[in-house]
Q: 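Take a look at this one; I'll ask things after.
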Amino acid sequence: RRPAPGGGLCQVSSTLYCAALAAGLQIQERHPHSSLVGYLPPGLDAAVSTEAWTDLRFRNRQAATLQIRARVQAAALSIGFYGTETPEWEIRLKASPPEKRAGWFYTVTRRDYFRAGREAFSEIISRDRYPAP
């Protein structure tokens with residue numbers, strides 16, 4: 001989304017997470033960071049760590065296989081999912097602006113499904129909180 005220093009592996013996992021959401025994949029495990037990150041809006045990040053036993057896991061619910069393609073060009077990472085089936089929906093991700101309450105920032109992330117330009121349905125993906133600085 002936005003160029004930013006830092007991130008490392010978590011910046012890669014967050015990019016993969018957003019690609020999986022946009023592809024309509026089922027998220028089986030995802031953890032937000034313990035604080036806000038500068039490279040993605042709150043709610044669209046995915047922390048991974050062997051020390052904290054956090055991982056990112058997703059599942060393809062389609063009958064067709066998917067291929068994950070990652071590319072780095074001009075220091076920018078892009079990740080996409082490719083398959084043999086034509087996507088049934090146009091998917092848009094929406095993270096609410098962080099709302100500050102009692103020393104925390106709260107956000108809700110939704111995945112909206114569109115067909116023929118009209119919203120068909122929406123689902124809440126996550127409700128996250130981050131400590132306010």
Side-chain angles (χ1 to χ4, degrees):
R1 296 276 187 168
R2 294 187 297 258
L9 182 58
C10 285
Q11 194 161 2
V12 174
S13 64
S14 294
T15 303
L16 181 60
Y17 173 62
C18 289
L21 286 175
L25 300 181
Q26 176 187 24
I27 306 302
Q28 295 182 305
E29 181 180 354
R30 174 260 175 187
H31 302 273
H33 284 80
S34 58
S35 61
L36 296 172
V37 296
Y39 49 84
L40 278 171
L44 293 177
D45 60 309
V48 293
S49 168
T50 55
E51 295 171 9
W53 296 96
T54 59
D55 205 353
L56 172 64
R57 295 184 319 125
F58 50 88
R59 181 177 183 179
N60 177 13
R61 297 179 283 190
Q62 309 300 320
T65 57
L66 289 175
Q67 181 182 63
I68 303 171
R69 292 185 190 168
R71 180 180 184 173
V72 176
Q73 185 174 19
L77 171 67
S78 62
I79 298 176
F81 289 85
Y82 299 87
T84 55
E85 291 184 5
T86 303
E88 188 177 348
W89 309 97
E90 176 191 346
I91 296 174
R92 298 180 195 161
L93 306 178
K94 186 175 188 180
S96 66
E99 180 183 320
K100 189 174 181 181
R101 292 190 316 245
W104 294 90
F105 284 120
Y106 292 87
T107 187
V108 176
T109 303
R110 293 182 1 189
R111 181 163 45 185
D112 299 328
Y113 293 80
F114 291 80
R115 182 179 278 155
R118 298 184 129 168
E119 185 173 349
F121 64 97
S122 180
E123 64 180 330
I124 293 176
I125 298 297
S126 67
R127 297 176 189 274
D128 299 309
R129 74 177 191 163
Y130 305 85

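Values below: all heavy atoms of this structure, side chains included; hydrogens, waters and symmetry mates excluded. We number each residue from 1, following the sequence as shown.
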Q: Measure the shortest side-chain to side-chain distance between Leu25 and Leu66 over non-hydrogen atoms and say whether it is less than 4.5 angstrom.
A: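 A side-chain contact exists here, since the closest heavy-atom pair is under 4.5 Å.
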
Q: Answer whether the closest heavy-atom distance between the side chains of Ser35 and Tyr130 falls below 4.5 Å.
A: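 Counting from C-beta outward, Ser35 and Tyr130 never come under 4.5 Å.
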
Q: Name every donor-acceptor pair, under 3.5 Å, that has one atom in a side chain of residues 46-54 and the other anywhere in the protein, sequence neighbours excluded.
A:
unit_1: Ser49; atom_1: OG; unit_2: Glu51; atom_2: N; d: 3.2
unit_1: Ser49; atom_1: OG; unit_2: Ala52; atom_2: N; d: 3.1
unit_1: Thr54; atom_1: OG1; unit_2: Ser49; atom_2: N; d: 2.9

Q: How long is the gap from CG on Asp45 to NE2 on His31, to the nearest 0.5 Å?
A: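 Answer for the CG-NE2 pair, Asp45 versus His31, is 11.5 Å.
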
Q: Search all heavy atoms of Lys100 against all heavy atoms of Ala132 and return the closest pair with its distance.
A: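 For Lys100 versus Ala132, the nearest heavy atoms are CE-CB, 3.6 Å.
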
Q: Please report the shortest heavy-atom distance between Pro131 and Ser34, naming the atom on each side.
A: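 Residues Pro131 and Ser34, closest heavy atoms: CD-O, 3.0 Å.
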
Q: Can Asp128 and Arg30 be said to form a side chain to side chain contact (heavy atoms under 4.5 Å, CB included), step by step?
A: CA-CA 11 Å; Asp128 299 309; Arg30 174 260 175 187; 2.9 Å; yes

Q: Between Ala64 and Thr84, what is the shortest heavy-atom contact and its length?
A: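 The answer is CB-OG1, 3.5 Å.
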
Q: Can you name the nearest heavy-atom pair linking Ile91 to Ala22, along with the distance?
A: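 Looking at all heavy atoms of both residues, the shortest contact is CD1-O, 3.5 Å.
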
Q: Check for me whether Arg129 meets the cation-pi criterion with Phe105, that is, NZ or CZ under 6.0 Å from the six-membered ring centre and within 45 degrees of the ring axis.
A: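 Geometry flag: not set, cation outside 6.0 Å or 45°.
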
Q: Does Thr109 form a side chain to side chain contact (heavy atoms under 4.5 Å, CB included) with Ile124? I'd like the steps, not just the answer.
A: CA-CA 6 Å; Thr109 303; Ile124 293 176; over 6 Å; no

Q: Mind checking the CD-OH spacing from Glu99 to Tyr106? Nearest 0.5 Å is all I need.
A: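 Output value for this atom pair is 9.5 Å.
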
Q: Between Arg115 and Glu88, does any NZ, NE, NH1 or NH2 come within less than 4.0 Å of an OD or OE carboxylate oxygen?
A: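 Between Arg115 and Glu88 there is a salt bridge, with a charged N closer than 4.0 Å to a carboxylate O.
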
Q: For a quick check under 3.5 Å, do Asp112 and Ser122 share a side-chain donor-acceptor pair by atom type?
A: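 Yes, side-chain donor-acceptor contact under 3.5 Å.
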
Q: Would you say that Val37 contacts Ser14 through its side chain, given a criterion of any heavy-atom pair below 4.5 Å between the two side chains?
A: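 Heavy-atom side-chain distance check fails, nothing below 4.5 Å.
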
Q: Applying side chain to side chain contact (heavy atoms under 4.5 Å, CB included), run through Cys10 and Tyr17 and close with a yes or a no.
A: CA-CA 10 Å; Cys10 285; Tyr17 173 62; over 6 Å; no

Q: Do Cys18 and Thr15 have side-chain heavy atoms sitting under 4.5 Å apart?
A: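 Of all side-chain heavy-atom pairs linking Thr15 with Cys18, none is under 4.5 Å.
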
Q: With under 30° as parallel and over 60° as perpendicular, where do the rings of Phe121 and Tyr113 fit, or are they tilted in between?
A: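 Rings of Phe121 and Tyr113: parallel, as their planes differ by under 30°.
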
Q: Tell me, which pairs form a salt bridge (Lys or Arg N to Asp or Glu O under 4.0 Å) where one or both residues lie in residues 53-71, sequence neighbours left out?
A: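 Found Glu29-Arg57.
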
Q: Anything under 3.5 Å between a donor and an acceptor, one on a side chain of residues 75-82, the other on a protein residue two or more places apart or in another chain? List them.
A:
none

Q: Here's a test for you: under salt bridge (Lys or Arg N to Asp or Glu O under 4.0 Å), which of Lys94, Arg111, Arg92 qualifies with Glu123?
A: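 By the salt bridge (Lys or Arg N to Asp or Glu O under 4.0 Å) criterion, Glu123 pairs with just one of Lys94, Arg111, Arg92: Arg111.
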
Q: Taking it one step at a time, do Leu21 and Ile27 satisfy side chain to side chain contact (heavy atoms under 4.5 Å, CB included)?
A: CA-CA 8 Å; Leu21 286 175; Ile27 306 302; 3.6 Å; yes

